[in-house]
Every structure is written in C-alpha cells, then in structure tokens.
Number of protein chains: 2
Amino acid sequence: MAYESTDTITPVFGALADPTRRAILHALARGPRSVSDLAADHDMALPSFLKHIGKLEKSGLVTSDKQGRSRMCRLRPDGFAPAQNWLAQEQARWGGALDRLAMHLETLEKGPRQ
Amino acid sequence: MAYESTDTITPVFGALADPTRRAILHALARGPRSVSDLAADHDMALPSFLKHIGKLEKSGLVTSDKQGRSRMCRLRPDGFAPAQNWLAQEQARWGGALDRLAMHLETLEKGPRQ
DNA sequence: GTGTTACTTAGCCATATGGCTTACGAATCA
DNA sequence: TGATTCGTAAGCCATATGGCTAAGTAACAC
C-alpha cells in the first residue's frame with residue numbers, strides 16, 4: 001500500500017503532538033483571537049509562540065490574517081478531517097478484531113512460525 | 001485549564017505523526033505480526049525500524065512480547081482513546097460554532113479586547 | 001557444534017524541533 | 001513627533017528524531 005501522494009495527515013498529527021498547540025486550538029474553539037492575546041496564556045517568548053502558530057497554519061488547522069498591526073487567528077475545523085478520517089478508517093479495520101484473532105490462531109495451527 | 005497531569009495525548013499524536021508508524025498500525029490491524037515480518041514491507045534497516053516499534057509501544061498503541069527468538073507485535077486499540085477523546089471533545093466545542101460566535105461578539109461588547 | 005536467523009546494543013550522523021535573545025518594521029496612541 | 005505596541009526576522013542553543021553501520025546475543029536448524 002502507498003500513502004497519499006502528498007501527505008496531509010502527518011502535519012496534522014504533528015501539529016497535535018504538542019500541548020501548547022492543543023491549548024491554542026482549544027482557545028480558538030471559542031472564537032478568533034489575536035496572536036498576542038493567545039500568547040498571553042503561555043509563559044513563552046513571542047517568537048517561540050509564533051512558531052507554534054506557524055505550524056498550526058501549515059498543518060491546515062488554523063488560518064490567520066493581519067488586521068492593522070495585529071494578526072487574528074481562527075480555527076479551521078476542516079483541517080481536522082485528515083486525522084479523523086485516518087482514525088475512523090483504522091478503527092473500522094479492527095472492528096472485527098476477534099474474528100481476525102481467530103483467523104490468526106488458525107493460521108498458526110496450520111503453519112506455526114514461532 | 002490544565003493538561004492531564006501526565007500527558008498521554010502527546011505521545012499518541014506523536015506516534016501517529018509518521019507514515020511508517022501509521023503503516024505499521026495499519027498492518028497490525030489485520031492481526032499480530034513479528035518485527036521482521038513487519039519490517040519486510042519497509043525499505044529500512046532493522047534498528048531504524050525497531051525505533052518506530054519502540055515509539056509505538058511507548059505511546060501505548062502497540063504491545064509486543066518475545067516468543068523464542070522473534071518478537072510478536074499486536075495492536076492495542078485502547079491506546080487510541082486519548083487521541084480520539086481529545087478530538088471528540090474539541091469537536092464538541094466547535095459544534096455550536098455559530099452560537100459561540102454570538103457569545104463571543106457579546107463578550108466583545110461588554111469588554112472589548114482588541 | 002556450527003551456521004543462520006532474529007533481534008539488540010552502541011554509537012554515529014544530519015536535520016528538525018522547541019526554546020531563547022536581539023533587533024527591526026509598521027501601526028497606533030499621546 | 002515620539003513612544004508604545006504587535007508582530008517579524010535572524011540567529012543561537014540544546015535536545016529529539018529518523019536514519020545508518022557494526023558488532024553483539026540468543027534461539028533454532030542441521
């Protein structure tokens with residue numbers, strides 16, 4: 001099997017694999033916020049914080065646009081789809097886990113490998 | 001809000017943020033497989049491959065036990081729960097996105113921040 | 001008991017990640 | 001105009017990540 005030609009899943013899971021970024025997403029779920037406003041909750045220098053915003057944007061989970069001197073960030077719920085679809089599809093595969101275990105045991109009986 | 005005292009979510013998303021590891025999980029959904037059996041699909045040296053297995057184990061998505069000289073790996077479906085719960089909870093938060101937008105606007109009227 | 005198979009350990013390497021400071025640009029306020 | 005605020009840019013640093021080779025150990029096959 002092959003992965004998607006352009007891998008959209010990896011950056012999404014990558015973005016979610018950090019508590020600071022998850023907290024940002026959590027905050028943005030309440031509505032749009034400016035960068036400095038979001039940053040106020042995180043004891044971290046602004047440039048460091050902006051890297052997180054940047055990663056969230058690249059992953060497709062967040063958009064932002066500049067308004068005057070401040071930058072407003074907003075959630076892009078569609079961005080979660082690649083991750084959720086992957087999880088849903090995999091979950092569907094182990095839906096028949098017990099059946100498959102039985103098949104496996106049967107295989108072992110016919111041609112034990114261990 | 002605080003994160004879980006011991007962060008179980010980060011390692012799970014971290015484990016999922018790699019195509020090789022997702023492919024391993026995909027393969028294991030069919031049933032248990034040995035390390036070398038799994039590795040055969042991935043043009044990669046065994047020690048490199050084992051690091052991926054190790055990361056999957058630390059994240060709680062996979063278990064393995066030694067049988068003779070080979071190591072059998074099996075999926076741990078429960079391991080996905082932290083990631084799925086987080087996603088589900090967040091999704092619930094932007095479920096009423098329009099309602100919340102209204103609330104947000106109301107808040108702005110009372111105590112404008114921007 | 002010798003060889004092969006299946007990991008395992010150790011260590012090297014390049015790049016990515018997550019943090020920092022310092023300094024600059026552009027918008028707003030006084 | 002001058003000071004402040006909000007974001008950017010550039011560059012440093014330590015650690016993590018994802019790959020490798022080379023050399024072990026333990027189990028099985030002959």
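Chain identifiers are assigned alphabetically (A, B, ...) following the order of the sequence lines, protein sequences preceding nucleic acid strands; residue numbering begins at 1 within each chain.
Atom CD in B/Glu57 sits about 13 Å away from atom C1' in C/dT8, given to the nearest Å. Spacing between atom CZ of A/Arg21 and atom C1' of C/dA16 amounts to 12 Å, rounded to whole angstrom units. The interatomic distance linking A/Phe49 (CZ) with D/dC6 (P) rounds to 14 Å, in whole Å. As rounded to whole Å, 18 Å separates atom C1' of C/dT17 from atom CZ of B/Phe13. To the nearest angstrom, P of D/dG7 lies 18 Å from NZ of A/Lys51. Computed from coordinates, the B/His42 NE2 to D/dC20 P distance equals 13 Å when rounded to whole Å.
Distance from the side chain of A/Ala45 is smallest for C/dT21 among the nucleotides D/dG18, C/dT21, D/dG7. The side chain of B/Pro47 sits closest to D/dC20 out of D/dC20, D/dT8, D/dG19. For A/Ser34, taking side-chain heavy atoms from C-beta onward, the closest of the listed nucleotides D/dT21, D/dG7, C/dG18 is D/dG7.
Taking only side-chain nitrogens and oxygens, A/His52 never comes nearer than 4.0 Å to OP1 or OP2 of C/dT17. Contact between the side-chain N/O atoms of B/Arg69 and the OP1/OP2 oxygens of C/dT8 is not found at any separation under 4.0 Å. A/Ser36 has a side-chain polar atom (N or O) that falls below the 4.0 Å cut-off from OP1 or OP2 of D/dG7.
The base of D/dG7 is not paired with the side chain of A/Lys66 by any donor and acceptor separated by under 3.5 Å.
Closest-nucleotide positions on DNA chain C for A/Ser48 and B/Leu46 were compared, and the one nearer the 5' end corresponds to B/Leu46.
Using cut-offs of 30° and 60° on the angle between ring planes, the pair B/Trp86 and B/Phe13 is perpendicular.
Salt bridge annotation for B/Asp18-B/Lys51: absent, with no cationic side-chain nitrogen under 4.0 angstrom from a carboxylate oxygen.
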